[in-house]
Amino acid sequence: MSLRRCVVAVDGPSGSGKSTVSRRLAQALGASYLDTGAMYRAATWAVLHAGVDVNDPEGVVKVVVDTEIVVGTDPARQTVSVNDHDVTREIRGHEVTGAVSAVSAVPAVRKLLVERQREVIAGAERIVVEGRDIGTVVAPDADLKVYLTASAAERARRRSAEIAADHAATQADLARRDLLDSTRATDPLRQAPDAIVLDSTEMDIDQVVAHLREKVDA
Ligand code: DC
């Protein structure tokens, strides 16, 4: 697979290690990297910034239609902008994290962002794309589909270490987002039937990346 065009889809719940694994895999493959969660976060930032209620789907769509979201595809350096304003750091804050599930559940928002994601994928030679619906909706023809998961306790442990937050509060927040992301009507988090399922609870990042590199080269 290594010499031709290659699309790798990485899906899974929050805190499963998707971002680190996807970035590292992209670097190892000399590929681009697309973080679709960053696009939903940027859309959410735009909605909050416009002072629109995230539970008002019509208002949300109006904002997102008029928002230019640019997510860089360099795996070594993430950059996210909204109408030329750099939001790379702000989209990781509490406010956006607490509101992103509502915005990403709006079907018209998903339609718009999925179109943009497909354009980025079509323009890349080799790309690792991470999200919740990549193998099922965005790139069902991906060359390799990975569903990365880990136990709820381990995911909360990793996430609270990453953001220096309280473990119990982080576990509760992950559980809330998992439930919203996997039960929404449009494009919920789901395993593609042809995805490789990897439970990383007992694995470190290097082991996961090495395992996936072997799959890409196979
Ligand atoms: O991966 P993340 O935590 O940065 O994603 C932020 C939110 O965006 C997450 O709660 C679910 C949503 N999301 C989505 O609905 N579809 C995607 N392809 C990626 C993320």
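All residue numbers refer to positions in the sequence shown, counting from 1.
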ask   = Are Val82 and Val120 grouped together when hydrophobic residues (ILVMFWY) are joined by side-chain heavy atoms under 4.5 angstrom apart?
value = yes

ask   = Could Asp206 and Arg24 be called an ion pair, given the rule that one side-chain N must be under 4.0 Å from one carboxylate O?
value = yes

remark   = On a heavy-atom basis, the closest approach of Gly17 and Leu148 is C-CD2, 3.7 Å

inquiry  = Taking the basic N atoms (NZ, or NE/NH1/NH2) and the acidic carboxylate oxygens, is any pair closer than 4.0 Å for Arg118 and Glu115?
reply    = no

task = May I ask you to decide whether Arg92 forms a salt bridge with Asp35, counting only side-chain N to carboxylate O separations under 4.0 Å?
result = yes

task = Give the C-alpha distance, both sets of side-chain angles, the deciding distance and a yes or no for salt bridge (charged side-chain N to carboxylate O under 4.0 Å, His left out) between Glu119 and Arg116.
result = CA-CA 5 Å; Glu119 282 166 17; Arg116 293 183 200 171; over 6 Å; no

note = side-chain hydrogen bond (donor to acceptor under 3.5 Å, both in side chains) test vs Asp133 passes for just one of Gln117, Arg110, Arg190, namely Arg110

request  = Verify the cluster assignment for Val146 and Leu189: are they in a single hydrophobic cluster under the rule of side-chain heavy atoms below 4.5 Å apart?
outcome  = no

query = Judged by atom type as modelled, is there a donor-acceptor pair below 3.5 Å linking the side chain of Asn83 to the main-chain atoms of Glu68?
reply = yes

ask   = Rounded to the nearest 0.5 Å, how far does CG of Asp194 lie from OG1 of Thr136?
value = 10.0 Å

note = Rounded to the nearest 0.5 Å, the OG atom of Ser104 sits from the CG atom of Asp187 at a distance of 10.0 Å

task = Please round to the nearest 0.5 Å and tell me the distance separating atom CG of Asp217 and atom CZ of Arg213.
result = 6.0 Å

query = Hey, are the side chains of Arg177 and Val100 touching, using non-hydrogen atoms and a 4.5 Å cut-off?
reply = yes

ask   = Honestly curious: do Val209 and Tyr147 fall in one hydrophobic cluster under the side-chain, below-4.5 Å linking rule?
value = no

query = Do you reckon Leu29 sits in the same ILVMFWY cluster as Ile196, going by side-chain contacts under 4.5 Å, direct or chained?
reply = yes

Distance (rounded to the nearest 0.5 Å) between Thr67 OG1 and Met39 CE = 11.5 Å

inquiry  = I'd like to check Pro188 versus Thr183 (side-chain heavy atoms, cut-off strictly below 4.5 Å). Are they in contact?
reply    = no

ask   = So, do Gln171 and Asp173 sit near enough that their side-chain heavy atoms are less than 4.5 Å apart?
value = no

query = Is there a donor-acceptor pair closer than 3.5 Å between any side-chain N or O of Ser200 and the backbone N or O of Met203?
reply = no

ask   = If you take all heavy atoms of Val137 and Pro140, which pair is closest and at what distance?
value = O-CD, 3.3 Å

ask   = Is the side chain of Thr88 donor-acceptor paired with the backbone N or O of Val80 at a distance under 3.5 Å, no angle test?
value = yes

message = Applying side-chain contact (heavy atoms from CB on, under 4.5 Å) to Leu198 and His211, what does each step give before you reach the verdict?
response = CA-CA 9 Å; Leu198 254 187; His211 182 79; 3.8 Å; yes

query = Can a salt bridge be assigned to the pair Lys62 and Glu58 using a cut-off of 4.0 Å between side-chain N and carboxylate O?
reply = no

message = Using every non-hydrogen atom in the two residues, find where Val103 and Thr44 come nearest and quote the distance to one decimal.
response = CB-OG1, 3.4 Å

query = Would you find a donor on one side and an acceptor on the other, under 3.5 Å apart, between the side chain of Lys145 and the backbone of Val10?
reply = no

task = Could you pull out the closest heavy-atom pair between Asn55 and Ala102, with the gap in Å?
result = OD1-CB, 3.9 Å

remark   = The reported gap from CZ in Arg77 to OH in Tyr33 (rounded to nearest 0.5 angstrom) is 14.0 Å

key: Side chain proximity check, Val71 to Ile69, heavy atoms < 4.5 angstrom   = yes

query = For Ser19 and Glu130, what are the C-alpha separation, side-chain angles and deciding distance, and is it a side-chain contact (heavy atoms from CB on, under 4.5 Å)?
reply = CA-CA 7 Å; Ser19 299; Glu130 69 151 290; 2.9 Å; yes

query = Side chains of Ile127 and Val8: closer than 4.5 Å at any heavy-atom pair?
reply = no

task = Salt-bridge test for Asp11 and Arg132: reply yes if a basic N is under 4.0 Å from a carboxylate O, no otherwise.
result = no

inquiry  = Just so I know, are the side chains of Thr36 and Val129 near enough to count as touching, which here means a heavy-atom distance under 4.5 Å?
reply    = yes

query = What pair of heavy atoms forms the shortest contact from Val54 to Val60, and how long is it?
reply = O-CG2, 3.7 Å

key: Donor-acceptor under 3.5 Å (Ser160 side chain, Arg157 main chain)   = yes

inquiry  = Counting C-beta onward and ignoring hydrogens, is there a side-chain heavy-atom pair between Gln191 and Val197 closer than 4.5 Å?
reply    = yes

inquiry  = I'd like to check Asp204 versus Gln207 (side-chain heavy atoms, cut-off strictly below 4.5 Å). Are they in contact?
reply    = yes

task = Check whether any side-chain N or O of Arg184 sits under 3.5 Å from a backbone N or O of Ala105 as a donor-acceptor pair, and report yes or no.
result = no

query = Could Asp178 and Arg155 be called an ion pair, given the rule that one side-chain N must be under 4.0 Å from one carboxylate O?
reply = yes

query = Could you walk me through whether Glu214 and Val216 pass the side-chain contact (heavy atoms from CB on, under 4.5 Å) check?
reply = CA-CA 5 Å; Glu214 275 174 27; Val216 172; over 6 Å; no

Straight-line distance of Gln27 CD to Ser22 OG, nearest 0.5 Å = 11.5 Å

query = If you group Ile, Leu, Val, Met, Phe, Trp and Tyr by side-chain heavy-atom gaps below 4.5 Å, do Leu113 and Val52 land in one group?
reply = yes

request  = Looking only at non-hydrogen atoms, find the nearest pair between Leu174 and Ser14 and report the distance.
outcome  = CD2-CB, 3.4 Å

